[in-house]
Amino acid sequence: MVMMDVNLDEVVEKPRLPAGQPFTFQIVEAKPGISKEPNKKTGRREPYVNCTLSPLEPEWNDRKVYKVWSLSPGALESDDPTFSIKKFFALIGFSWAPNGSFSTEDMQTIKFVGEVAYKEGDNRPQLKSVLRAA
């Protein structure tokens, strides 16, 4: 029998990012992608932007929240900034190009105030709401 040389009694667990509390987030990474499966309504593989958000509060800035904004017509038409990247940009005052395009590199300058939530049985925080620009 192989014994692992680690003392589990000395492990200090990190608390979860609190749900329902406002945090100032910065987008620290924004990567474009194309969905693996076709959209049920359009029949096409739709583009998306996969973002990593980091809380700016010092006691929580080692945590990450992952957010994917779909660029499908249905997502873009939503009035919820957690679904529609256009509504998100408008709410926080991020300007896109005159032709309607935007740069994922420029997204990494975005700071905003939002809240997280957790799905039952999942310990990964999800962006629940976008409150305002930071």
Side-chain angles (χ1 to χ4, degrees):
M1 175 184 340
V2 176
M3 295 298 290
M4 302 307 298
D5 188 25
V6 63
N7 186 343
L8 297 178
D9 293 329
E10 293 177 352
V11 173
V12 178
E13 294 181 27
K14 292 182 181 180
R16 295 191 327 178
L17 197 61
Q21 174 181 326
F23 287 95
T24 302
F25 291 102
Q26 178 165 4
I27 297 177
V28 294
E29 187 174 45
K31 292 182 178 180
I34 300 289
S35 64
K36 293 179 183 176
E37 299 295 324
N39 181 294
K40 292 176 184 171
K41 292 185 179 179
T42 66
R44 296 185 319 231
R45 293 175 52 211
E46 300 288 356
Y48 62 83
V49 180
N50 190 3
C51 295
T52 304
L53 315 175
S54 181
L56 295 180
E57 288 77 8
E59 65 273 23
W60 300 106
N61 66 5
D62 62 337
R63 306 307 200 293
K64 300 291 181 245
V65 177
Y66 301 98
K67 173 65 188 149
V68 177
W69 271 285
S70 172
L71 302 181
S72 70
L76 292 171
E77 293 166 357
S78 172
D79 66 348
D80 184 341
T82 63
F83 289 111
S84 170
I85 201 164
K86 179 180 179 183
K87 184 71 172 184
F88 171 71
F89 288 165
L91 180 66
I92 64 159
F94 180 79
S95 298
W96 53 83
N99 67 357
S101 65
F102 63 93
S103 161
T104 54
E105 192 172 302
D106 290 344
M107 287 180 68
Q108 294 177 57
T109 65
I110 292 175
K111 295 177 184 174
F112 69 96
V113 178
E115 296 178 339
V116 299
Y118 294 87
K119 291 182 181 176
E120 189 172 333
D122 192 350
N123 64 350
R124 294 171 296 179
Q126 307 291 316
L127 184 62
K128 172 189 165 194
S129 63
V130 177
L131 304 174
R132 64 185 176 279

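Not measured: the values here are computed from a predicted model. For the single chain, residues carry numbers from 1 onward in sequence order.
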A.B. asks: Do you know the tightest heavy-atom contact between Ile85 and Met107?
C.D. replies: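 Heavy atoms of Ile85 and Met107 come nearest at CD1-CE, 3.8 Å.
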A.B. asks: Hey, does the side chain of Lys41 reach the backbone of Ser72 with a donor-acceptor pair shorter than 3.5 angstrom?
C.D. replies: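 Flag not set: sc Lys41 to bb Ser72 has no pair under 3.5 Å.
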A.B. asks: Exactly one of Trp69, Trp96, Phe88, Phe89 should register a ring-ring contact (aromatic ring centres under 6.0 Å, His included) with Phe102. Which one does?
C.D. replies: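 Testing each of Trp69, Trp96, Phe88, Phe89 against Phe102, the sole residue satisfying ring-ring contact (aromatic ring centres under 6.0 Å, His included) is Phe89.
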A.B. asks: Counting only N and O atoms by type, is there a donor-acceptor contact under 3.5 Å from the side chain of Arg45 to the main-chain atoms of Ser35?
C.D. replies: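 Such a contact is found between Arg45 side chain and Ser35 backbone.
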A.B. asks: Starting from the C-alpha separation in whole Å, work towards a yes-or-no answer on side-chain hydrogen bond (donor to acceptor under 3.5 Å, both in side chains) for Asn99 and Ser101.
C.D. replies: CA-CA 6 Å; Asn99 67 357; Ser101 65; 2.7 Å; yes
A.B. asks: Would you indicate whether the side-chain heavy atoms of Asp106 and Phe94 approach each other to under 4.5 Å?
C.D. replies: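 The answer is yes, as the side chains (C-beta and beyond) meet within the 4.5 Å cut-off.
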A.B. asks: Find the distance between CG (Leu8) and CD (Glu10) and round it off to the nearest 0.5 Å.
C.D. replies: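 Answer rounded to 0.5 Å: 9.5 Å.
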A.B. asks: First locate atom CG of Leu91, then atom OG1 of Thr82, and finally report the distance between them rounded to the nearest 0.5 Å.
C.D. replies: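 That separation rounds to 11.0 Å.
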A.B. asks: Under 3.5 Å, side chain of Glu57 to main-chain N/O of Thr24, donor-acceptor pair present?
C.D. replies: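 Here the side-chain-to-backbone pair exists.
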A.B. asks: Taking all heavy atoms of Asn39 and all of Glu46, pick out the closest pair and write down the distance.
C.D. replies: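 What the structure gives for the nearest pair is CB-CG, 3.7 Å.
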A.B. asks: Any side-chain to backbone donor/acceptor pair from Gln126 onto Lys119? Under 3.5 Å, distance only.
C.D. replies: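 Checking the backbone N and O of Lys119 against the side chain of Gln126, no donor-acceptor pair under 3.5 Å is found.
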A.B. asks: Assess Arg124 against Tyr118: is NZ or CZ under 6.0 Å from the centre of the six-membered ring, and within 45 degrees of the ring's axis?
C.D. replies: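 The answer is no, since Arg124 fails at least one limit relative to Tyr118.
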